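One structure below.
Small disclaimer: the values here were computed from a predicted structure and weren't measured. Both ligands and their constituent atoms are indexed starting at 1 by order of listing.
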Amino acid sequence: EISLKYGADRLGKRTDDAMRKFRDNRLGAFIHWGLYAIPGGEWNGKVYNGAAEWLKSWAKVPADEWLKLMDQWNPEKFNAKAWAKMAKKMGVKYVKITTKHHEGFCLWPSKYSKYTVAQTPYKKDILGELVKAYNDEGIDVHFYFSVMDWSHPDYRYDIKSEEDAVAFNRFLEFTDNQLKELATRYPTVKDFWFDGTWDASIKKNGWWTAHVEQMLKDMLPGVTINSRLRADDYGKRHFDSNGHLMGDYESGYERRLPDPVKDLKVTRWDWEACMTVPENQWGYHKDWSLSYVKTPLEVLERIVHAVAMGGNMVVNFGPQADGDFRPEEKELADAIGKWMQKYGECIYGCDYAGWDKQSWGYYTRKGKDVYMVVFNPPYSKHLVIKTPKGTKVVKAALLDGKEVAVKETARNEYNVDMPAKDPEGPFVIKLQIEENAGGADKYRDALT
Ligand SMILES: C[C@@H]1N[C@@H](C(=O)NCc2ccccc2)[C@H](O)[C@@H]1O
């Protein structure tokens, strides 16, 4: 191992209550809301099929012209309580809100910028309304914060001169001030999820990323920080030059998930994935026909896949400029919520089970309970289980208590019957197991 000043501060998972809550929450929602919701992917009559929150970049709009969108920011349908009720009904335990995206527009009245809600016709503190509304519903609030800020003249993509260094140091101080402002104004925030940290300018200032994590943890004990903030002494990001995870959880699974067989290494640390419903739209885009849009079932499978591998999943919502949600997102929240209402015990507080994945779906585990989450029922009507050495399946039952037959078919192998009544969708079987069950069995391995 090489010595690092700005590498990982800790080895292994955090075990304190705040991190346990982060982990046990498992299911979150992202809210990407900013000026980009106004044009919704269209600029000067041309619709761009790239990510809508990057329209400024695709259409090559100068910052001062883009920020004029503030004059149109007046979400007359915005109702923070309604947003919080929708999140509650979906069954999310936390919501990550874009306090400031790459465009630099702040959803809170920051005194360090003139590009905030305070300088729009809406005037009011949207972030403050949302933090209160979600917290009142018992939902944790996490802050998304983009370090890269296209509105700020001192932002630099790289440091190539003394002038760059002086300007960027001013920018880092501005960023510190905004982060302290957020931590002071909204002390119930539970997490900071940093984005826009991939540029050389940040990689050359690993010290600053370590300082930000420490600054926020000093101000808000227990707060969690994502790995995407961090760069070490050599510019290595997420994992330091010794291969140790920086921050409190890996945040590299954006619109992708680890392979349930080949990538089991992720079960050794905490991680959180985030996903879009279209192929790649975080902010509101007026035309979702431009890419594939995932069905609620496909979103659900990704949620279960993440939890089955010991991770969290954050599902993205891109509210309209008027402050309402598009019908597809309302329907999605409703469908996921209905499933979570019935089967959420296989998600909340659950983790990687350590059993070999089978084709019918995923295992999750909470203490002694192992859950089978079935997405692909087999023609055989039997769900094959292969247990770890010394583990026996004692009983299997649906969550309403109705037992399903379990038959031992070989050493550590079982057939679990499909329920008699077609569940008509992904369903859960809860297993009662016995571990470290020793003793001889009746099976004989083949001589080959
Ligand atoms: C969580 C997502 N991270 C931002 C993102 O993808 N940035 C990287 C990016 C790089 C190149 C083209 C588009 C976007 C997106 O805008 C979301 O905020």
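- Counting atoms of ligand 1 from 1 in the listed order, those under 4.0 Å from a heavy atom of Tyr144 are 18 (O).
- Outside the 6.0 Å centre-distance limit, the rings of Tyr186 and Trp108 are not counted as a close aromatic pair.
- Ligand 1 has no N or O atom lying under 3.5 Å from any N or O atom of Trp282, backbone or side chain.
- If you check which protein heavy atom lies closest to atom 9 (C) of ligand 1, you get Trp54 CZ2, 3.3 Å.
- The two atoms that bring Glu279 and Lys294 nearest to each other are CA-NZ, 4.3 Å, heavy atoms only.
- Closest to atom 8 (C) of ligand 1 among all protein heavy atoms lies Trp198 CH2, 3.4 Å.
- When ring centroids are compared, Phe192 and Phe145 stay outside the 6.0 Å threshold.
- The protein heavy atom nearest to atom 12 (C) of ligand 1 is Trp58 CH2, 3.7 Å.
- Between Trp193 and ligand 1, not a single N/O pair is under 3.5 Å apart.
- Phe171 and Phe168 have parallel rings, their planes meeting at less than 30° on a 0 to 90° scale where 60° marks the start of perpendicular.
- Ligand-side atoms of ligand 1 in range of His101: 15 (C), 16 (O), 17 (C), 18 (O), range being under 4.0 angstrom from any heavy atom.
- Within the 6.0 Å centre-distance limit, the rings of His102 and Trp198 are counted as a close aromatic pair.
- Between Trp193 and Tyr144, the two ring planes are parallel [angle under 30°; tilted spans 30° to 60°].
- Results of the salt bridge (charged side-chain N to carboxylate O under 4.0 Å, His left out) test with Asp270 over Arg10, Arg26, Arg23 single out Arg23 as the only residue that passes.
- Nearest to atom 4 (C) of ligand 1 among the protein's heavy atoms is Asp195 OD2, 3.2 Å.
- Nearest protein neighbour of atom 1 (C) of ligand 1, counting heavy atoms only, is Glu254 OE1, 3.5 Å.
- Considering only non-hydrogen protein atoms, atom 16 (O) of ligand 1 sits nearest to Glu53 OE2, 2.7 Å.
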Check: residues 88-95 side-chain donor-acceptor pairs under 3.5 Å, at least two apart:
from: Lys88; atom 1: NZ; to: Glu137; atom 2: O; distance (Å): 2.7
from: Lys89; atom 1: NZ; to: Asp334; atom 2: OD1; distance (Å): 3.2
from: Tyr94; atom 1: OH; to: Glu272; atom 2: OE2; distance (Å): 2.6
from: Tyr94; atom 1: OH; to: Asn312; atom 2: ND2; distance (Å): 3.2

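- When heavy-atom distances to ligand 1 are checked against a 4.0 Å cut-off, Tyr36 has no atom that comes that close, whether in backbone or side chain.
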